[in-house]
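Notes to accompany the following structure.
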There are 2 protein chains.
Amino acid sequence: MTEAPFTYQADAFKVAIDCIVFGFDQNELKLLLIHRNFEPAQGNWSLMGGFLSINESLSDGAKRILYQLTGLQDIYLEQVYVFGDVDRDPVERVLSVCFYALIKIEDYDEALGNSHDAHWFPVQQRPELIFDHEQMIEAALSRLRRRAGYQPIGFELLPEKFTMMQLLNLYEAIYEREFDVGNFSKKILSLGILVKTNEKLRGESKKGSYLYSFDQASYDNVKEKGFRIIG
Amino acid sequence: MTEAPFTYQADAFKVAIDCIVFGFDQNELKLLLIHRNFEPAQGNWSLMGGFLSINESLSDGAKRILYQLTGLQDIYLEQVYVFGDVDRDPVERVLSVCFYALIKIEDYDEALGNSHDAHWFPVQQRPELIFDHEQMIEAALSRLRRRAGYQPIGFELLPEKFTMMQLLNLYEAIYEREFDVGNFSKKILSLGILVKTNEKLRGESKKGSYLYSFDQASYDNVKEKGFRIIG
DNA sequence: TCAAAAGTGTTAGTGTTACACCCATGA
DNA sequence: TCATGGGTGTAACACTAACACTTTTGA
């Protein structure tokens, strides 16, 4: 008779992963939410989530779930918080590890999203959500704001080439306040992470504004060292 | 025949809680670690931890574990991160939710600590730790540093009455750098959260330095609004 | 009276904020 | 040519960092 391997004596928990997916479009910060076509809380809005499998790490789980919803890989992802109140899920005890993701909305696979009944909502006009998902969004937003203040993280949400005005609008959307155009671009340019191209984007204005891309090396450098955009 | 209640189909995980306990003593930032007298990794140093029970929330679990180790209740506690690599625990799959706690070392129940074979280590002279506990400490430290920069959190580590120099030393210990005495006290006093008493503490110097306590109302206010101590 | 640490004051320099003004272009 | 949004320049102000100087008291 073989001895069974030692295991800890402890309660076991089902562990969910919920993803707050941020995108930026039409000068608005948006959230990807799904309309649940399954119980519990069928017909309500919720974050995209799923259960963690025994053979994957937390970030692998989050990546898998995001891939299912958006078709994207190599997404910027950050763990935010674990929600673990005893009654947070009405069905049974479930812990939820909450991540936020930043995606370029243009790359998002709309057909795939539709198949999950997913919709983009402007952050300020989000619907009521199930369970503690509202708290999760609050937590993710405050984390995003803090992060964007000292790392050039906002760029994850913009296309490869973007105008200074788009970047400004993004920061205005994230912080829900206005920034002075001159001061903002001075600040950003002084970081030395942007490369100005000769192209101009017309449309928003008659004059058109220059497109920038960023210098990956300085970008990584600044990301590491940190800076301060808002005070 | 009664229908069984609906449950989710999902893998189950054992969930540990690990606590990084910070204290401040002799002008050093210290960590409370335990010398394990049980397997696995018996005889090595580790953080104080335990398993989450099915009927308690994460923060209740952390409080319980801290109470077991220190005899203290109403401790400042903050969730840091969940560690969930598949192989992080050699025995079996365990997720660990990591908290840090700030305690006043004078209030700590030494006898109780001794019964767990717990010891205080200066942060810079901590021993090698089991599993991913070193990473946990790194994460907690960087969280603590960030926090202490915009909330008056450091006070949780000092006794009721303390000198400006002790506060300065605490910040120097947290950030592992020196601060200018004049600039530091100007900055702190300008927050308006300190009340100067008439008492002086001798010992460190011949002149002695004034004891301060803090004004709870302004303290809470500033804590909410935030500020910036280091830049 | 001197050394050591507490505590105050001064100043140069840097960064932030507010706002005025110029530029390019489609209508 | 004018209205519009892009983009630049500048001056006032606030905050920071560095350091000199004064105070108190035990040895």
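A, B, ... follow the sequence lines: proteins, then strands. Residue 1 opens every chain. We use all heavy atoms of the structure for the numbers below, so side chains are in, but hydrogens, waters and symmetry mates are not.
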Fill in the blank from the handout: Comparing nearest nucleotides in DNA chain C, the 5'-proximal residue of the pair B/Val181, B/Lys206 is B/Lys206
In whole Å, what is the span from the [atom1] atom of [X] to the [atom2] atom of [N]?
X	N	atom1	atom2	value
A/Tyr210	D/dG5	OH	C1'	15 Å
A/Asn27	D/dG5	CG	P	12 Å
A/Phe184	D/dG7	CZ	P	13 Å
B/Phe179	C/dG7	CZ	P	18 Å
B/Leu167	C/dA5	CG	P	19 Å
A/Leu191	C/dT16	CG	P	10 Å
B/Lys196	C/dT8	NZ	C1'	10 Å
A/Met164	D/dG6	CE	P	12 Å

Handout entry: NZ or CZ of A/Arg177 within 45° of A/Phe179 ring axis and under 6.0 Å
Key = yes
Problem - Cation-aromatic face contact B/Lys200/B/Tyr210, 6.0 Å, 45 degrees - result: yes
Exercise for the section: Confirm from the modelled atom types if B/Lys186 and C/dT10 form a donor-acceptor pair under 3.5 Å, side chain to base only. Expected result: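 Such a pair exists between side chain and base.
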Exercise for the section: Give A/Lys187 one of three labels, base, sugar-phosphate or nothing, depending on what nucleic acid heavy atoms sit under 4.0 Å from its own. Expected result: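 Result for A/Lys187 = sugar-phosphate.
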Completion exercise
Between B/Ala148 and B/Ile153 the two heavy atoms that sit nearest each other are CA-CG2, 3.2 Å
Fill in the blank from the handout: 5'-most contact on DNA chain D (nearest-nucleotide basis), B/Ser205 vs A/Asp180, goes to A/Asp180
Completion exercise
The answer to which of A/Lys200 and A/Asn183 contacts DNA chain D further toward the 5' end, by nearest nucleotide, is A/Lys200
Problem - Candidates A/Thr163, A/Leu189, A/Leu167 - the one meeting side chain to side chain contact (heavy atoms under 4.5 Å, CB included) with A/Tyr212 - result: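 Running side chain to side chain contact (heavy atoms under 4.5 Å, CB included) over A/Thr163, A/Leu189, A/Leu167 with A/Tyr212 returns exactly one hit, A/Leu189.
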Problem - Qualifying residue for side chain to side chain contact (heavy atoms under 4.5 Å, CB included) with B/His116, from B/Arg36, B/Met48, B/His35 - result: B/Met48
Completion exercise
Against the side chain of A/Lys207, the closest entry in C/dA6, C/dT17, D/dG6 is D/dG6
